[in-house]
Asker: 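Take this structure, written in structure tokens, and hold onto it; I'll ask about it next.
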Amino acid sequence: KIITDRTVIDVMAFSALSESMTANEAFHLNSALGHLVEDYDHLFYISPVGVKIEDNGVRETDVRYRDNINKKILEIYNNSRYNWRTYKIS
């Protein structure tokens, strides 16, 4: 058993919005990753709403980019058969 803070769904969202990958590359990567989601026992979505972006030199600090990635993650969840739950941090 393992708990991770990221899943292949995150990678699917990043690749779908990538400007460095071709549409064909993103499509084939996401097709392969979609099968791996079935290996997860539980999926939890934690909303970034209200969470301050920290400039740690590693993660993106652009609010619009974060919002676009978040929208894509929700789109993937909502258009899938995956069993997932939403949590909010307050």
Side-chain angles (χ1 to χ4, degrees):
K1 302 291 180 184
I2 186 170
I3 297 175
T4 64
D5 68 336
R6 296 283 180 187
T7 68
V8 295
I9 292 175
D10 296 75
V11 178
M12 292 167 73
F14 283 108
S15 67
L17 299 177
S18 173
E19 295 180 0
S20 63
M21 297 176 73
T22 67
N24 193 40
E25 290 170 332
F27 173 80
H28 287 290
L29 176 61
N30 285 346
S31 294
L33 292 174
H35 296 288
L36 296 176
V37 177
E38 297 172 14
D39 290 340
Y40 292 100
D41 294 321
H42 304 282
L43 292 168
F44 302 101
Y45 167 76
I46 309 230
S47 173
V49 173
V51 177
K52 183 179 175 188
I53 295 177
E54 179 183 338
D55 187 0
N56 61 9
V58 177
R59 298 197 180 204
E60 182 62 55
T61 58
D62 183 321
V63 174
R64 185 180 311 176
Y65 181 72
R66 180 176 84 164
D67 290 345
N68 287 338
I69 292 295
N70 185 53
K71 287 176 189 172
K72 181 54 78 173
I73 289 171
L74 286 172
E75 179 183 307
I76 292 167
Y77 275 133
N78 288 324
N79 293 324
S80 72
R81 63 185 185 286
Y82 311 133
N83 183 20
W84 60 284
R85 294 180 185 186
T86 300
Y87 291 90
K88 293 184 181 180
I89 297 174
S90 53

Asker: Flag the pair Tyr45 / Asn70 as yes when at least one side-chain heavy-atom distance between them is below 4.5 Å, and no otherwise.
Answerer: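 Answer yes - side chains close enough.
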Asker: Quick one: NZ on Lys72 to OH on Tyr77, what's the gap to the nearest 0.5 Å?
Answerer: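 Spacing of NZ (Lys72) from OH (Tyr77) equals 14.5 Å.
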Asker: Could you tell me the separation between the CD atom of Glu60 and the CD1 atom of Ile53, rounded to the nearest 0.5 Å?
Answerer: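 Interatomic distance, Glu60 CD to Ile53 CD1, rounded to 0.5 Å: 8.0 Å.
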Asker: Could you tell me the separation between the CG atom of Asn83 and the OH atom of Tyr40, rounded to the nearest 0.5 Å?
Answerer: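 Between Asn83 CG and Tyr40 OH, I get 15.0 Å after rounding to 0.5 Å.
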Asker: If you count heavy atoms of other groups shown closer than 6.0 angstrom to CZ of Phe27, is the number above 12?
Answerer: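 12 or below, so no.
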Asker: How long is the straight-line distance from CE of Met12 back to CG of Leu33, given to the nearest 0.5 Å?
Answerer: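 Going from the CG atom of Leu33 to the CE atom of Met12 covers 6.0 Å.
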Asker: Could you state the interatomic distance from OG1 (Thr7) to CD1 (Ile76), rounded to the nearest 0.5 Å?
Answerer: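 These two atoms lie 8.5 Å from each other.
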Asker: Do Leu17 and Leu29 belong to the same hydrophobic cluster, where Ile, Leu, Val, Met, Phe, Trp and Tyr are linked whenever their side-chain heavy atoms lie under 4.5 Å apart, directly or via other members?
Answerer: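 The answer is yes; both residues are in one hydrophobic cluster.
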Asker: Would you say Asn78's side chain and Leu74's backbone share a donor-acceptor pair under 3.5 angstrom?
Answerer: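 Yes: the side chain of Asn78 pairs with the backbone of Leu74.
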Asker: Can you name the closest pair of heavy atoms from Ile73 and Ala13 and give their distance?
Answerer: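 Where Ile73 meets Ala13 most closely, the heavy atoms are CG1-CB, 3.5 Å.
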Asker: Testing the basics here: between Thr61 and Glu54, what is the closest heavy-atom pair and its distance to 0.1 Å?
Answerer: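 Looking at all heavy atoms of both residues, the shortest contact is CG2-O, 4.2 Å.
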Asker: For the residue pair Ile9 and Tyr82, establish whether any side-chain heavy-atom pair is separated by less than 4.5 Å.
Answerer: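 Side chain of Ile9 against side chain of Tyr82, heavy atoms only: contact under 4.5 Å found.
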Asker: Run through Asp62, Val63, Asn68, Asp67 and flag the one making a side-chain contact (heavy atoms from CB on, under 4.5 Å) with Tyr65.
Answerer: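 For Tyr65, the side-chain contact (heavy atoms from CB on, under 4.5 Å) test succeeds with only one of Asp62, Val63, Asn68, Asp67, which is Asp62.
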Asker: Does Phe14 offer a backbone N or O that forms a donor-acceptor pair with the side chain of Ser18 under 3.5 Å?
Answerer: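 No; judged by distance alone, with no hydrogens or angles, the pair does not exist.
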Asker: Could you pull out the closest heavy-atom pair between Ala26 and Ser15, with the gap in Å?
Answerer: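 Shortest heavy-atom contact: CB-O, 3.5 Å.
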Asker: Quick one: pull up OG1 in Thr86 and CG in Leu43 and give me the separation to the nearest 0.5 Å.
Answerer: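 With rounding to 0.5 Å, OG1 (Thr86) is 11.0 Å from CG (Leu43).
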Asker: Who are the side-chain contact (heavy atoms from CB on, under 4.5 Å) partners of Asn24, not counting sequence neighbours?
Answerer: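 Counting only residues at least two positions away or on another chain, Asn24 forms a side-chain contact (heavy atoms from CB on, under 4.5 Å) with Thr22, His28.
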Asker: Taking the side chain as every heavy atom from C-beta outward, state whether Arg66 and Val51 have any pair of such atoms under 4.5 Å apart.
Answerer: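 The answer is yes; the side chains approach within 4.5 Å.
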